[in-house]
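One structure is given here, and the rest of the page talks about it.
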Amino acid sequence: MPLLRRPSGRRRSAGRARTTAHLIAVCSLALLAGTLPGTALAAGSPPPGAANGWSAKTLRDAAGQDAPDRVPAADREKTLGAGYKASKDRAWTTSGDARGFHLMVADAKDGYAWKTAATLSEPGFEADAWIGNACVTRSGKRAAVAYAPRTFTNKPELMVRGAFAAVVDLTTGKVTKLANTASLAYFSPGCGSGEKTVFTQLTTDGDKQSGTRLISVDAASGRSAAPLHLDGQVTSAVPTEQGIVAAHGKRLVRIGADGGEKEIARTRTVPFQLRPDRSGGVTFIERLPVAAGGKGSDAAVESAARRVSAEQIGRGRATPATLARGPLTDWDLSASADSRCTSPGRPGPGARCRTV
């Protein structure tokens with residue numbers, strides 16, 4: 001599997017100083033859905049490089065009023081709580097168009113008004129849209145990003161290991177371009193303990209040998225470690241204090257600095273959505289097998305949130321604890337910047353969900 005690297009010496013700074021703050025998963029803003037129906041678009045002609053479908057029409061709410069781009073000042077104390085002005089909470093999300101892949105942030109103290117922390121793109125590409133994935137380090141100060149033109153998904157080798165990679169400082173807006181490339185798979189990059197992040201490169205069916213490369217990056221310095229070469233397909237890799245934890249088939253494994261694997265636990269299906277928590281453990285989702293003769297649609301399939309503790313990660317051969325269970329499409333697993341893991345959604349009647 002060829003190791004793809006970007007041309008050296010290309011770095012860029014973007015944006016202006018941002019307020020240092022903890023980040024919270026953007027899904028928490030679902031509580032504000034009635035207050036934040038959308039963002040008002042400026043009138044005028046499409047800006048240079050605007051994506052197909054751009055419109056100058058101002059968004060309106062159900063009552064026909066102009067949709068606010070933040071919680072109105074008069075409603076903030078009622079909606080966000082009396083202490084919102086002193087809050088350090090920050091929501092984040094991503095958005096892509098023909099101009100680039102945008103990393104956006106919104107601070108509670110400003111009524112969650114969205115602003116762009118950085119826009120990522122590369123010269124020389126005719127792109128109708130830029131796409132990608134991002135995660136935020138535990139400090140909440142930095143984001144690791146994999147991004148590429150949307151058309152990269154049409155070529156297997158570019159999809160699995162051709163995305164560009166960068167680290168964005170959410171305090172200063174500085175963008176540090178990385179030499180390595182990465183997969184556009186939903187799980188890459190992965191964030192967890194400290195300021196480390198893990199980018200994944202995979203192989204395609206056309207490659208002679210199936211393998212995975214994991215590249216650890218210190219987001220604070222922008223330095224990349226030597227790639228770890230692993231046999232087979234390793235997914236959902238995240239950094240922990242005891243090394244990288246990932247899914248390797250129907251197993252949860254710990255990967256050392258030398259690339260050696262140690263089995264943590266066996267699972268019935270491939271674990272996904274791995275989320276390191278503040279106690280040193282890792283929570284993940286496991287799709288539960290459908291009973292013989294049962295229907296296989298997503299609506300009928302159940303999944304469970306399970307967790308292994310820091311002690312179990314170190315010892316291995318563990319039996320994960322079940323935290324929640326419910327229909328596969330009714331809930332998800334999320335983690336805030338300080339590694340509080342939660343399960344937003346509806347995990348099902350009688351399910352017991354808790355923050356870890």
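The structure presented is a predicted model; accordingly, all values stated were derived computationally and were not measured. Side-chain atoms are counted along with the backbone in the values below, which use heavy atoms only and exclude waters and symmetry mates.
A tilted orientation is assigned to the rings of W130 and Y147, their planes being inclined by 30° to 60°.
Between the side chain of D218 and the main chain of A220, a donor-acceptor pair closer than 3.5 Å is present. Counting only distance, with no hydrogens or angles, the side chain of E286 and the backbone of R268 share a donor-acceptor pair below 3.5 Å. The main-chain N or O of S279 is found under 3.5 Å from a side-chain atom of D277 such that the two form a donor-acceptor pair. A donor-acceptor contact shorter than 3.5 Å links the side chain of T267 to the backbone of K250. Distance alone, capped at 3.5 Å, is enough to place a donor-acceptor pair between the H248 side chain and the D231 backbone. No donor-acceptor distance shorter than 3.5 angstrom exists from the side chain of S87 to the backbone of A108, with no hydrogens or angles considered. For the pair Q242 (side chain) and A310 (backbone), a donor-acceptor distance under 3.5 Å is present. Judged by distance alone, the side chain of N133 and the main-chain N or O of P189 form no donor-acceptor pair under 3.5 Å. With hydrogens and angles ignored, the 3.5 Å screen pairs no side-chain donor or acceptor of T212 with any backbone N or O of L230.
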Stepwise side-chain contact (heavy atoms from CB on, under 4.5 Å) check, H102 with D97:
CA-CA 8 Å; H102 312 292; D97 57 26; 3.0 Å; yes

Test log, rule side-chain contact (heavy atoms from CB on, under 4.5 Å), inputs R90 and V136
CA-CA 11 Å; R90 172 177 282 175; V136 174; over 6 Å; no

Show your reasoning for whether side-chain contact (heavy atoms from CB on, under 4.5 Å) applies to K115 and D110.
CA-CA 11 Å; K115 52 194 175 186; D110 296 326; 4.1 Å; yes

Determine whether D89 and Y112 satisfy the following criterion, side-chain contact (heavy atoms from CB on, under 4.5 Å), listing intermediate values before the conclusion.
CA-CA 9 Å; D89 285 346; Y112 286 111; 3.8 Å; yes

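Rounding to the nearest 0.5 angstrom, the gap separating the CG atom in L158 from the OG1 atom in T151 is 8.0 Å. Note that CZ of R138 is 13.0 Å distant from OG1 of T197, once rounded to the nearest 0.5 Å. Note: T283 OG1 to R275 CZ = 10.0 Å, rounded to the nearest 0.5 Å. How far CZ of R99 is from OG of S121: 10.5 Å, rounded to the nearest 0.5 Å. To the nearest 0.5 angstrom, R306 atom CZ is 7.5 Å from R325 atom CZ. Atom CG of residue L80 and atom NZ of residue K85 lie 12.0 Å apart, to the nearest 0.5 angstrom.
Shortest non-hydrogen contact noted between F199 and A165 is CE2-CB, 3.7 Å. Of all non-hydrogen atoms in I244 and A237, the two that sit nearest each other are CG2-CB, 3.8 Å. Nearest heavy-atom pair across A127 and A98 is O-CB, 3.6 Å. The two residues M104 and S95 come nearest to each other via the heavy atoms SD-CB, 4.1 Å. Pairing each heavy atom of S193 with each of T240, the nearest pair is OG-CA, 3.3 Å. Counting all heavy atoms, side chain and backbone alike, V234 lies closest to L202 at O-CD2, 3.8 Å.
Looking at Q233 and S210, their side chains never bring a donor and an acceptor atom within 3.5 Å of each other. No side-chain N or O of R161 forms a donor-acceptor pair with one of S183 less than 3.5 Å apart. Checking W114 against T93 by side-chain atom types alone, no donor-acceptor pair falls below 3.5 Å. Between the side chains of E195 and T137, at least one donor N or O lies within less than 3.5 Å of an accepting N or O.
Taking Ile, Leu, Val, Met, Phe, Trp and Tyr as members and joining any whose side-chain heavy atoms lie under 4.5 Å apart, directly or through other members, the hydrophobic cluster of V282 also contains V238, V245, L252, I264, L274, F284, V308, I313.
Under the 4.5 Å side-chain criterion, counting only non-hydrogen atoms from C-beta, T200 is in contact with F187. Residues E261 and I255 meet the side-chain proximity criterion, which asks for heavy atoms closer than 4.5 Å. Q201 places none of its side-chain heavy atoms less than 4.5 Å from the side chain of P227. Between I285 and W331, some side-chain heavy-atom pair lies under the 4.5 Å cut-off. R70 has its side chain within reach of R76: a pair of non-hydrogen atoms, C-beta onward, lies under 4.5 Å apart. You'll find the side chain of Q273 reaches within 4.5 Å of the side chain of Y186, heavy atoms only. T153 has its side chain within reach of L184: a pair of non-hydrogen atoms, C-beta onward, lies under 4.5 Å apart.
Note on F125: it clusters hydrophobically with I131, by side-chain heavy-atom contacts below 4.5 Å among ILVMFWY residues. V198 and I215 fall into different hydrophobic clusters, where Ile, Leu, Val, Met, Phe, Trp and Tyr residues are linked whenever their side-chain heavy atoms come under 4.5 Å apart, directly or through other members. Cluster membership for M159 and L120, using ILVMFWY side-chain heavy atoms within less than 4.5 angstrom, is shared.
Ionic pairing of R150 and D128 is present here: one or more N-O contacts between side-chain nitrogen and carboxylate oxygen are shorter than 4.0 angstrom.
The disulfide bond (SG atoms under 2.5 Å apart) contacts involving residues 215-274 comprise nothing, where partners must be two or more places apart or lie in separate chains. Counting only residues at least two apart or on different chains, the disulfide bond (SG atoms under 2.5 Å apart) pairs with a member in residues 116-213 are C135-C191.
Heavy-atom contacts from other residues, nucleotides or ligands closer than 6.0 Å to CG of N154 number more than 12. Within 6.0 Å of the CD atom in E241, the count of heavy atoms belonging to other residues, nucleotides or ligands does not exceed 12. Within 6.0 Å of CZ in R315 there are more than 12 heavy atoms belonging to other residues, nucleotides or ligands.
For F164 and F101, the distance between ring centers is not under 6.0 angstrom.
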